[in-house]
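So the structure is just underneath, and the comments pick up after that.
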Amino acid sequence: MTQVIRTSAELREKVATWKRSGMLVGVVPTMGALHDGHLSLVREARKQSDRVIVTIFVNPMQFNNKDDLEKYPRDEDHDLALLEAEGVDVLFAPGVHEVYPDGFATVVAVSGVSEPLEGAFRPGHFEGVATVVMKLFGMTQAGRAFFGEKDWQQVQVVKRMVEDLNVPIRIIPCPTIREEDGLAMSSRNVRLSPEHRALAPRLHAEMQAAAAAIRAGAPVTATLEAAKAAIGAAGFGAWDYLDLRSAEGLRPITELSEPARILAAVHLGDVRLIDNIAV
Ligand code: AMP
């Protein structure tokens, strides 16, 4: 049975009993509307920990767009059934006031790696992420936390924060899970119209083609521009970015002299798709 807990006081008690018997606690932070991407993190957490907490909290602080927050899909009953089937010990699903009580006044801001890409197009997003993740680490007292590479920049921001603030937790990045047609799974995909859903995998396909071309020695800027044009012509909306960056520091690069990734964010209808792949 998965126990649903809504307050940090109750969670703390539960975790204390586990820790007294020497158990390693793993946490998987999510915003719910769970899919196989989330469940792959849960399975990894089960392998690498004695007890698993999944958190579901649609964090208002990380949404820079009110409409996106309001339209964010929510289905806790269905999520709970999925977590039961995975043998998750605790679903921690606090309300907004439990996380941000009156008088809350602290922001965790990670500079550098949080500034380009998502940071540039979603002002305040990573402050919201870092703050809530720091709080969830404090509330769960977990020893390991599992994050998806789907949100590559988020993983880098969280790793930086944990190192800088000496947070006693190990961050475990897990590979991106995709639909059969290549589209990276995302809770927001359910908001795509059937036409846009059919078009969406084109993003990953063009990213892969660009990565292959760059690996084969094609010039970086021209290759990325061509990919952008192809995706635009296919019927996507505005680009936020399609960049080649160093994998760890996310510095812009024009030559493959270190591990690199292509990272992209593009609009399709009123959904914003993000993806990234290794080059
Ligand atoms: P979210 O609920 O979208 O905030 O995501 C919660 C966690 O699941 C984050 O660590 C995400 O990176 C991860 N995640 C989301 N989609 C995927 C996916 N397709 N594959 C792997 N991990 C994912």
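Remember, it's 1-based here, ligands and their atoms both numbered in the order they're listed.
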Whether the side chain of W152 engages the backbone of A247 through a donor-acceptor N/O pair (distance < 3.5 Å, no angle test) should be reported. yes
Provide, to 0.1 Å, the distance between atom 12 (O) of ligand 1 and the closest protein heavy atom, together with that atom's residue and name. D151 OD2, 2.6 Å
Would you indicate which of S186, P29, A33 comes nearest to atom 6 (C) of ligand 1 when only heavy atoms are counted? P29
Are any of the N/O atoms on S40, whether in the backbone or the side chain, positioned under 3.5 angstrom from an N/O atom of ligand 1? no
Going by the closest heavy atom to atom 10 (O) of ligand 1, which one wins out of G37, A184, G148, G32? G148
Enumerated ligand 1 atoms positioned under 4.0 Å from heavy atoms of M185: 16 (N), 17 (C), 18 (C), 19 (N)
Under 4.5 Å between any side-chain heavy atoms of V132 and F137, yes or no? no
Within the 4.5 Å heavy-atom criterion, are K71 and R191 side-chain neighbours or not? yes
Closest non-hydrogen protein atom to atom 23 (C) of ligand 1, residue and atom name please, with distance? K150 CB, 4.0 Å
Heavy-atom distance to atom 8 (O) of ligand 1: which of L41, T30, V132 wins? L41
Between M31 and ligand 1, which part of the residue brings a heavy atom under 4.0 Å of the ligand: side chain, backbone, both or neither? both
Which atoms of ligand 1 sit under 4.0 Å from any heavy atom of I177? 18 (C), 19 (N), 20 (N), 21 (C)
With sequence neighbours excluded, tell me which residues meet side-chain hydrogen bond (donor to acceptor under 3.5 Å, both in side chains) with Q208. none
Between F147 and ligand 1, is there a nitrogen or oxygen pair with a distance under 3.5 Å? no
Can you confirm whether R46 is buried at CZ, in the sense that more than 12 heavy atoms of other residues, nucleotides or ligands lie under 6.0 Å from that atom? no
Atom indices of ligand 1, in the order listed, that fall short of 4.0 Å to a heavy atom of T176: 20 (N), 21 (C)
R272, CZ atom: more than 12 neighbouring heavy atoms under 6.0 Å: yes
Of all residues at least two apart in sequence or in a different chain, which pass the side-chain hydrogen bond (donor to acceptor under 3.5 Å, both in side chains) check with R6? E76
Is there a path from W239 to F121 through hydrophobic residues (I, L, V, M, F, W, Y) whose side chains come within less than 4.5 Å of each other? no
Quick check: does any side chain N or O of K135 sit under 3.5 Å from a backbone N or O of Y100, one acting as donor and the other as acceptor? no
Numbering the atoms of ligand 1 from 1, which are under 4.0 Å from a heavy atom of P175? 20 (N), 21 (C)
Heavy-atom proximity to atom 3 (O) of ligand 1, best of F57, F146, Y72: Y72
Shortest heavy-atom approach to atom 16 (N) of ligand 1 - which of H38, E149, H35: H35
